[in-house]
Structure formats: C-alpha cells, structure tokens
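Single-structure report; data block below.
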Amino acid sequence: MATVTGATLMAQSLKQQGVDYMFGIVGFPVQGVAAEAQKAGITYIGMRNEQAASYAAHAAGYLTGRPQACLTVSGPGVIHAFPGLANAKENCWPMILIGGASPIYQNGMGAFQEERQVELAAPYCKYAHQIDQVERIPYYVEQAVRRSIYGRPGPVYLDFADNIIRAEYEEDDVVTYGRVPEPPRTQADPVAVEGALDVLESAERPLVVVGKGMAWSRAEEDVRQFIQRTQLPFLNSPMGKGVMPDDDSLSVGAARSTALREADVVFLMGARLNWIMHFGLPPRFNKDVRIIQLDINPEEIGTNVPAEVALVGDGKAVTKQLNTALDNRQWFYPQETEWRSTLQAKAAANVEAVQGMIDDDSSPMNYYRAYKDIDEWLPKDAIIIGEGANTMDIGRTQMLNSNARHRLDAGTYGTMGVGLGFAIAAAVSCPGQPIVSVQGDSAFGFSGMEIETIVRYKLPIKLIVLNNGGIGGGIGPLKDGQEVPPGILTYGAHYEGMIEALGGKGYYVEDPKDLRGVLDEAMAHDGPVLINIPLNPRAGRKPQQFGWLTT
Ligand code: ADP
Ligand code: MG
C-alpha cells in the first residue's frame, strides 16, 4: 500500500481548504513542505525574511477571502514571523502560519532551534496548536482555516515538528475533511435594523464611517446602495477606502476632523472606535454623539462609547437587511441642510489649503507635488500600497480609491515595513492588476531586500520611494563630522540602484517636470520598477488642527 508523508499531507490539506499561496523561507525542517506545496498546486513564493513573508500571507488572505500560508523554519524562523501574526490580529485579517519545529521526541533536550513556539504564538492568534500525529494533519488544517475566517477573522498557528513532517502514513487510511464553507452571513436582530434607521432619521448631523470590515465582507455593492438610497454623508477609514469610491459626492473625507467632531449620530460600519477614530471621545467627537455600530464581533460593541443600536452580524448581510427595510420608508437625508453646507465649506477650505503645495514646481519636490502626478497617473483598478509617516498620511488624502480592497497600508497596528510584503501578496494573488506601492524611505528600508524576490518572480510591481532622508522628516546632507541624529537616513540615497543591480528597472527623478514621463514609462515597462523621488527634506503636511495622536 502507498504511504504519504506529513509534508505531502499538509500540502494537500492546505490546497483542499483553499490555501492557494504560501510565502516563506525554507530550511530545517520544512524544506520538503514547500516542495510538496508546489506539487499540490500551491503557488510558493520564497522570500528573504520571514517577517515580509508573514506580511504577504495576511495581505493575500484579505485580498482572496481565504487564509493564505506563511511557512518558516523552527525557532528563529517562527519568531521572525510573529510581526505578521500580530499585524493580522490587529487588522482582523486571516492567515495561517506553519512553523517548523524540532522533533517532539527531543522536547526539553536542547534540540536545534527548540522553542516554545505554540505558547509564544498564542497571544497573537485566534488559534495555536501543535500537530501531534501525522494522521491528524487534515483535522488541524480544517480547524485552523475555519477559525481564521469564521467570526472576526484573524491569524492561526500550526506547529509542525520534524518527526511529523517526515512521518509516513497509509494513504488509504487518511481521513480527510471537506473544504470549510465560506463564513456564515449572520443577520442582525430585525428590531435593531429598524432601530438603526430610526436613529439615523432622527439625526441632524449624521455620519457613516465605512471600515475595512465592510471590505472584508465584500459588502461594497450593498453599502453603495445604502449610501445612495439614504444620501448620508460618509467617511472611508484608511483601508475602508474604495468600498465607497473616494470621489463620490457624498464623501466628506476632505472634512474628516469636522465631520467626526460635529456629527450627532455616527454609524460605524465595520470600523472600530480605536486610536484611528480617536476613541469616539471629545475633543475629537461630540460628547453626546450617538453611536450605531455594525460589527460581526459582539464583544466589540460598546468599546469606548456605548452603542445606542447594535447591529451584530455580517457586514454584507446586515447592509442588505437595512436596504430591504428602507423599501418601507420614504425617508432619506435631505439635500439642503446646514450640516452638508458646513462639511462642503470645510472640505473646500482644506483642498484650498494645500493647493499652493500641489502647484509648487520647485525641485526637490514636496509630497503634494509628487502625489499630483502619481494620482493622475494611477490606473483606476490599481491596488495601492501606502506606507510611511507623511508619505502614508498625505497619500491617504491625495491618492484616491475607486474599488474595495484596493488599498493596503500600515493599518490598525501602525506597522512600518509591511509595504513590500503587501505588494508581493497583491501581485501574486491578483495577477494582471496594476500594483503600485508608495513608501517613505524609512518604510522601504525595513524589507528592502524583498526587491530581489520581486525581480526573481518577475512581479510587475511599480515601487515609488518618496525619499526625504529621514524617519518622518529629514534635514538634508549632514555636515562634515556631524553626529548622525537618530531619525536621519542617507539623504539622496540611490535606492533605484538596488533594483538595477538585481535586474529590475530604476529611476531617480529630481525635477517635477520629469515625473509624469517616468511614471508612464514605468507603467509601460512589463516588469518591476523602482522610482526614487528625492523630496525636499523639510517638506511637510498641511498644518493640522490636532497634533498626531491627539485624542
Ligand atoms: P478600520 O480600521 O477600517 O476602521 P477596523 O479594523 O478598526 O476597521 O474594524 C473592522 C471591524 O470589522 C472589526 O471590529 C471586525 O470585527 C469587523 N468585521 C470583520 N469582519 C466583518 C464582517 N464580515 N462583517 C461585519 N464586520 C466585520
Ligand atoms: Mg522619510
């Protein structure tokens, strides 16, 4: 009778559960697992650091709707992948980390790379388990996949020891498990659905906040119908961007602070009142704000501000319920209100405040001038990755999204260094779509070596580095003998030379009048490109009414 190894069984179980991509680094004891994954039809991407591989796995999970895998060697390899688990947990995105482990029979003996991997992974995960017997691999994979996408999505960990990877089992005796169905689309209490609409009807200054929970639940069609039907002003969260198009006339993104501060009713759709939303508290929110909260996770309801109405359920299913309930109502939010005029005036003033920087053609460029050409050039269906301090913050307002799940950034955890892993995930799991990553020079540096991965797999990613020679701001060239300040990086560093050395195409663009031409050339080039744009080191943002991280 034929036998299968643990490695083969793992690969086949993953594939059967809809895990189509695996990002990782091979070595003891997982070499065979990657090879078997390829044989099973899983696309394997060998990366240069487990950290970037773990970022790629959860971005691919978010984009595809199934958890995708990260594969690491034992001990340090597993630990290098924890940033991806933590980031996935904070963002509520699925992924499955498969950590190689020293043989179980050597536990406690000081084995090569022996580590308490399950215990260490557990705080970052929804589910973490050791695979204790080769024949139970299909069982554990089913458990892990289901737990990562049912309810609030999140990361899971499976510990895969050397002796289990190499163990053999009679093929005919293997018990398999069916593919985990798509997550159930749970509905909210119908009384709450009517209650939510009653509260919205009673609002003078309503605001809808569309978060990435709606993007995850693929609710864009329903959310668009809801907003159109109710004519409610809305705000996209940083990665909720595109569920509603950023350029929709009902978007009040350009008047964000005013909208949040003065709204009397806020309807949170798959978004949390965490630091990004200033906790829903004064002075950034009205102290009497009334909250309607839609979330799949009942435990999230009431965080920081009690919810007047709780819509616990799947984003798409609940928005459908709202749309159906609206068929029995005449109401929509009127066209002419003081609230709309206030928001429009504020948005116009905010746009006006940066116009001077957008029009400033001096060299080196400022952020807004660079973004002017980038935004005009970006294809509508581009998946945009934005990362860095000012690079990301200004990019959120200056690069617009038309489609859901087309924006990836530092997210809920504020993680810097995710960009190249995310770009690789997008290019691999969304083939044929333009992938554009805009990073600050500091953000780029965290995983810069992954450009070798990008070139090796011929991923046609367009990387843009907005290079001001610093973490946040820069100061320009250092004087002779000057001690290097902590936040300063090499000014004018030629990062484009790195991609050239590895076989890609690079550009260094100093003069804004050359930028558009280079962007067009880059898009026409059928391969990876890095465009390095030195910025004026002192270029900044529009003056903000509230400092960064003010509550
Ligand atoms: P954002 O950063 O865009 O505001 P958050 O990550 O803070 O978004 O919040 C997303 C919320 O969406 C989380 O509280 C999560 O529980 C919720 N969520 C996840 N999946 C679904 C779903 N299918 N339906 C509704 N809500 C969901
Ligand atoms: Mg910088």
Side-chain angles (χ1 to χ4, degrees), residues 62 65 87-94 126 148-154 182-188 209-219 222-223 235-243 266 268-280 293-304 310-320 367 387-392 394 396 404-405 407-414 416 438-446 465-475 487-491 493 495 532-540:
Y62 173 65
N87 198 57
K89 181 154 179 286
E90 293 306 312
N91 277 333
C92 313
W93 289 358
K126 285 183 78 178
S148 81
I149 52 177
Y150 279 33
R152 172 184 275 179
E182 297 307 309
R185 293 204 179 268
T186 45
Q187 295 198 332
V209 175
V210 183
K212 62 182 176 294
M214 303 312 276
W216 164 255
S217 74
R218 283 141 174 86
D222 312 277
V223 173
L235 192 64
N236 286 327
S237 80
M239 284 197 273
K241 279 163 77 70
V243 170
V266 170
L268 293 170
M269 301 184 88
R272 283 172 288 183
L273 288 180
N274 56 16
W275 67 279
I276 292 183
M277 289 298 159
H278 320 288
F279 313 111
Q293 194 173 358
L294 188 177
D295 205 290
I296 195 146
N297 183 8
E299 293 156 34
E300 185 59 38
I301 303 294
T303 299
N304 297 326
L311 297 168
V312 178
D314 168 69
K316 186 174 176 72
V318 176
T319 311
K320 273 193 200 303
Y367 288 100
E387 192 192 9
N390 286 336
T391 302
M392 180 173 74
I394 299 170
R396 282 174 174 165
R405 297 172 301 284
R407 187 62 155 244
L408 304 171
D409 73 17
T412 309
Y413 210 27
M416 290 298 145
V438 188
Q439 295 175 287
D441 51 334
S442 159
F444 169 73
F446 285 84
V465 179
L466 297 187
N467 183 358
N468 64 359
I471 302 173
I475 53 173
I488 290 310
L489 304 170
T490 305
Y491 184 66
Y495 298 114
N532 184 8
I533 306 177
L535 292 188
N536 181 333
R538 297 192 194 281

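Counting starts at 1 for both ligands and their atoms, in listed order. Because the structure is predicted, anything quoted here is derived from the model rather than measured.
- For the atom pair CH2 (W275) and OG1 (T412), the distance works out to 8.0 Å, reported to the nearest 0.5 Å.
- Judged by distance alone, with hydrogens and angles left aside, the side-chain atoms of N467 form a donor-acceptor pair with the main-chain N or O of A493 at under 3.5 Å.
- Protein heavy atom at the shortest distance from atom 4 (O) of ligand 1 is A271 CB, 3.3 Å.
- No donor-acceptor pair under 3.5 Å is formed between the side chain of D441 and the backbone N or O of G445.
- Closest N/O/S atom of D441 to the Mg ion (ligand 2): OD1.
- Between the choices I149, D295, N91, the shortest heavy-atom distance to atom 15 (C) of ligand 1 belongs to D295.
- Contact of the M214 side chain with the W216 side chain is not registered, since no non-hydrogen atoms from C-beta on lie closer than 4.5 Å.
- Nearest protein heavy-atom contact of atom 20 (N) of ligand 1 is W216 CD1, 3.3 Å.
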Mind running side chain to side chain donor-acceptor pair (under 3.5 Å) on D314 and T186 for me, showing each step along the way?
CA-CA 5 Å; D314 168 69; T186 45; over 6 Å; no
M239/D409 under side chain to side chain contact (heavy atoms under 4.5 Å, CB included): CA gap, chis, key distance, verdict:
CA-CA 7 Å; M239 284 197 273; D409 73 17; 3.7 Å; yes
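- Residue-level proximity to ligand 1 for R152 is carried by the side chain, the only part with a heavy atom below 4.0 angstrom.
- For N468 atom OD1 and G470 atom O, the angle they make at the Mg ion (ligand 2) is roughly 100°, to 10 degrees.
- The option with the heavy atom closest to atom 10 (C) of ligand 1, from among G270, A219, G211, is G270.
- With hydrogens and angles ignored, the 3.5 Å screen pairs no side-chain donor or acceptor of Q187 with any backbone N or O of A317.
- Inclusion of N297 in the set of residues having an N or O under 3.5 Å from an N or O of ligand 1 is not warranted.
- Between atom CG of residue L235 and atom NZ of residue K241 there is a gap of 10.0 Å, rounded to the nearest 0.5 Å.
- Between L294 and ligand 1, no pair of N/O atoms sits closer than 3.5 Å.
- Near P153, meaning under 4.0 Å from any of its heavy atoms, are these atoms of ligand 1: 19 (C), 20 (N).
- Under 4.0 Å from ligand 1, the heavy atoms of S237 that appear belong solely to its side chain.
- Which of V210, I296, L273, L311 comes nearest to atom 27 (C) of ligand 1 through a heavy atom is settled by distance: it is I296.
- Residue G313 places a heavy atom under 4.0 Å from ligand 1.
- No part of V318 comes within 4.0 Å of ligand 1, judged by heavy-atom distances.
- Distance check, rounded to the nearest 0.5 Å: CH2 of W93 to CG of L408 gives 5.0 Å.
- By the criterion of a heavy-atom distance under 4.0 Å, the side chain of T412, and not its backbone, is placed next to ligand 1.
- Backbone and side-chain nitrogen or oxygen atoms of K212 are examined, and one is located within less than 3.5 angstrom of a nitrogen or oxygen of ligand 1.
- Between E300 and R152 there is a salt bridge, since at least one side-chain N of the basic residue sits less than 4.0 Å from a carboxylate O of the acidic one.
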